[in-house]
Amino acid sequence: MSSSAIESVLVENRVFPPSAEFTAQANVKPADYAAMCAKAEKDYSGFWGDLARENLIWSKPFTKSLDDSNAPFFKWFADGELNASYNCLDRHLGTPTENKVAIIFEADGGQVTKVTYLELYKRVCRFANGLKSLGYKKGDRAIIYLPMSIEAVVAMQACARIGMTHSVVFGGFSAKSLQERIVDVGATLVIAADEQMRGGKAIPLKPAVDEAFAMGGCEAVRHTIVYKRTGGNVAAGAKDIDWAKVEADQADTCPAEMVGAEHPLFVLYTSGSTGKPKGVQHSTGGYMLHAMLTMKWTFDIKPNDVFWCTADVGWVTGHTYVTYGPLAVGATEIIFEGVPTYPNAGRFWDMIQKHKCTVFYTAPTAIRSLIKAADTTPDFAPGKYDLSSVRLLGSVGEPINPEAWMWYYKNIGGERCPIVDTFWQTETGGHMITPLPGVTPLVPGSCTLPLPGITTAIVDESGGDVPNGQGGILVVKKPWPSMIRTIWNDPDRFKKSYFPEELKGYYLAGDGAVRDAVNGNFRITGRIDDVLNVSGHRLGTMEIESALVSNPLVAEAAVVGRPDETTGEAVSAFVVLKGTRPADAAAAQKIAKELRDWVGKEIGPIAKPKDIRFGDNLPKTRSGKIMRRLLRSIAKGEEITQDISTLENPAILEQLKQSL
């Protein structure tokens, strides 16, 4: 094994083949999959070009699929023209879909609003006309800072409709994060809400915009359009204009501005290792193609499905699988404003039952917190609800540990629903490695195989392929249509981050992975920077976390490294138990010893955590993402200097600082 190899120690032997019934009705059957893979192998750019012609509506057809003359700044369908909003809305006008429900919106307090495709089209057109009346046009940039709502979709679609590039900022981000993004993208418009509702509480948004402006650098912003979600008492600024006023008296038709396929549809900021956010720039044509294809392939979407992706539009999952993908294929989708545990831990299951959800797509962090909730509040366990409408489950955001996968499969899917465990990133635009539910045998904890036309591989630090069964660095060897085009205003950082010279021009995903020695399935072992070097062994934190969570006492776990004089690096674990936190040090030490021994048995003594800390929960952003940088600081005993304004529960940090 080379010194750069990541050791893989997790073994998973459970396999769940697709049922004959599911395969018989699937959009992609085994023969289709084989034919697509063969075509992509034989004529790569032709494969994608044919799909782009079949799925998208072009105002000007393209003549060339892939332009790789300036690699890694690849272009797809570059001389073609289209509009993303037209491909989501206008394509359904005059068909039965125009009277179909597009969005079922459930507010935090339980109120339900439904809009049809025709009604949504008119709302988008009115808002787009309002933007034009304020002088906004193709090429301008807008920051969108809205809660989960129909309005968020309207704002994004309206920007796309007139050729504006949008950059959505998650409603949990601080004024400083907002200011950085306004300045970097060069926004001339901010679209915000007065407040958002989460868990029965009104959380201010507009004051953060005012604070961002006060920090300076935002002088290019001409207007702040304010959607009055709560009618809360927030101060009005000189640039403010009421959303209702923007829409008032506007026509409910608005011609879509056709743009080149490479026109930036959006810039979405993702955290960088340096702390400076990276503006991931996505195209219009290639991005829209992947959004549509994955709705059809991965989610097997049908005309009568009710699709629910629980992600916020502030993240890429909410872009691809809330705002663009479902609407482009004419699906009915659920949008939810609140949190899964309010007013009780049965909120998700109640909504699935009420709205007859058929395809449910959520994150492992949500699943794990609901596993704990089902144990502590059995009245709201999934078994108390009718979940028989569900036919397909999905997982997104991070690798799902095998025990959480099994709970999801049994308790939500009734052991009859395939789980599509999707690997992808902000930078990839859509799914890359995922089971196809009518084709792929499922393995808990594995994202299985790449989609047709996606050429993923596992390599060492010089770009050489490593054998199956050995861990390494995940790369994509060929460009694909929905890939990141550049980092906004920073092409050098783009090349350095994603196409380092030593990797032979491959796209660097930044994740470690391993392929099963028997069937070639991929399993993500965690971020490359989440690899611990313990006594010369390179261990992925994900595998140690999976071992901990497989213990019946544990609901959730996060593992980080800290310096150690003896072993180089030591494993530090932060654990949430299914029951209550240990009452005293003796009880905590007893459970900690049991968990160390468990990890030793599951993986080997080398992976035993040096220290274990217990908390009521883990430090997460309001989107459910664990803030591992904070945990690293705590493990090292450092003072916390990071911005904690996005934390769901900042008080948890004091709990986790207490070592045994």
Side-chain angles (χ1 to χ4, degrees), residues 27-28 31-84 86-88 91 258-266 280-299 301 316 319-321 324-325 328-329 422-434 436 439 449-457 475-486 498-499 505-507 509:
N27 289 344
V28 180
D32 305 322
Y33 174 72
M36 286 194 289
C37 291
K39 183 175 178 182
E41 186 68 32
K42 186 179 174 187
D43 178 11
Y44 188 71
S45 65
F47 168 77
W48 289 113
D50 288 348
L51 288 168
R53 290 184 190 94
E54 290 162 18
N55 288 276
L56 295 171
I57 298 171
W58 298 85
S59 63
K60 180 189 170 194
F62 59 91
T63 60
K64 184 180 181 182
S65 296
L66 171 62
D67 177 355
D68 56 3
S69 60
N70 187 28
F73 299 94
F74 299 102
K75 294 180 179 179
W76 286 89
F77 325 124
D79 60 345
E81 292 183 0
L82 75 170
N83 179 278
Y86 189 98
N87 271 276
C88 290
R91 72 185 307 149
M258 296 300 159
V259 297
E262 285 295 316
H263 176 79
L265 177 61
F266 63 88
V280 173
Q281 179 180 321
H282 274 290
S283 72
T284 299
Y287 172 80
M288 284 301 300
L289 175 63
H290 212 77
M292 288 190 76
L293 290 177
T294 47
M295 286 299 301
K296 294 174 182 180
W297 293 356
T298 313
F299 294 125
I301 208 75
V316 74
H319 282 56
T320 308
Y321 301 113
Y324 292 109
V329 297
T422 60
F423 169 80
W424 62 296
Q425 304 171 311
T426 303
E427 294 87 348
T428 70
H431 305 152
M432 299 292 280
I433 311 175
T434 174
L436 291 179
V439 176
L449 297 169
L451 290 172
I454 303 295
T455 48
T456 50
V475 297
V476 188
K477 290 190 169 183
K478 292 181 183 176
W480 67 100
S482 66
M483 68 191 297
I484 177 177
R485 292 310 195 256
T486 187
Y498 300 111
F499 292 91
Y506 301 155
Y507 168 83

Going by the angle between their ring planes, with limits at 30° and 60°, are Trp424 and His431 parallel, tilted or perpendicular?
perpendicular
For Tyr324, which of Met292, Met288, His290 qualifies under side chain to side chain contact (heavy atoms under 4.5 Å, CB included)?
Met288
Between Val28 and Met36, is there a side-chain heavy-atom distance shorter than 4.5 Å?
yes
Of Thr428, Val280, Thr426, which meets side chain to side chain contact (heavy atoms under 4.5 Å, CB included) against Ile484?
Val280
At their closest point, which heavy atom of Phe62 faces which heavy atom of Gly49, and how far apart are they?
CZ-O, 3.4 Å
Nearest 0.5 angstrom please: Thr456 OG1 to Ile433 CD1, how far?
4.0 Å
Under 3.5 Å, is there a donor-acceptor pair between the side chain of Asn27 and the main chain of Lys296?
yes
Under the side chain to side chain contact (heavy atoms under 4.5 Å, CB included) rule, collect the residues that match up with Ala40, sequence neighbours excluded.
Phe47
Quick one: does Gln281's side chain have a donor or acceptor within less than 3.5 Å of a partner on Pro264's backbone?
no
I'd like to know if the side chain of Ser59 reaches the main chain of Glu81, judged simply by a donor and an acceptor atom lying under 3.5 Å from each other, with no hydrogens or angles considered.
yes
Kindly indicate whether the side chain of Trp58, heavy atoms from C-beta on, has any atom under 4.5 Å from the side chain of Tyr86.
no
Which atom names give the shortest non-hydrogen contact between Pro479 and Leu66, and what distance separates them?
CG-CD2, 4.1 Å
The side-chain hydrogen bond (donor to acceptor under 3.5 Å, both in side chains) partners of Thr294 (sequence neighbours excluded) come to Tyr321
Side-chain touch Pro72/Tyr507, heavy atoms, less than 4.5 angstrom
no
Results of side-chain hydrogen bond (donor to acceptor under 3.5 Å, both in side chains) for Thr284 - residues two or more places apart only:
none
Rounded at 0.5 Å granularity, tell me how far NE2 in His282 sits from CZ in Phe266.
4.5 Å
With a 4.5 Å heavy-atom cut-off, do Val476 and Met483 have their side chains touching?
no
Residue pairs meeting salt bridge (Lys or Arg N to Asp or Glu O under 4.0 Å), one or both in residues 50-64, sequence neighbours left out, come to Lys39-Asp50, Asp50-Arg53
Return the set of residues passing side chain to side chain contact (heavy atoms under 4.5 Å, CB included) with Ala291 (not counting sequence neighbours), or none when no residue passes.
Thr320
Just so I know, are the side chains of Leu451 and Trp297 near enough to count as touching, which here means a heavy-atom distance under 4.5 Å?
yes
For Ser283, give me all partners under side chain to side chain contact (heavy atoms under 4.5 Å, CB included), at least two apart in sequence or on another chain.
Glu262, Tyr287, Arg485
Looking only at atom types and distance, does a side-chain atom of Asp79 sit under 3.5 Å from a main-chain N or O of Thr63, one as donor and one as acceptor?
yes
Within this structure, what is the CG-OG distance for the pair Leu51 and Ser65, rounded to the nearest 0.5 Å?
9.5 Å
Mind checking the NZ-CG spacing from Lys75 to Asp68? Nearest 0.5 Å is all I need.
12.0 Å
Heavy atoms, side chains only, cut-off 4.5 Å: are Phe77 and Leu289 in contact?
yes
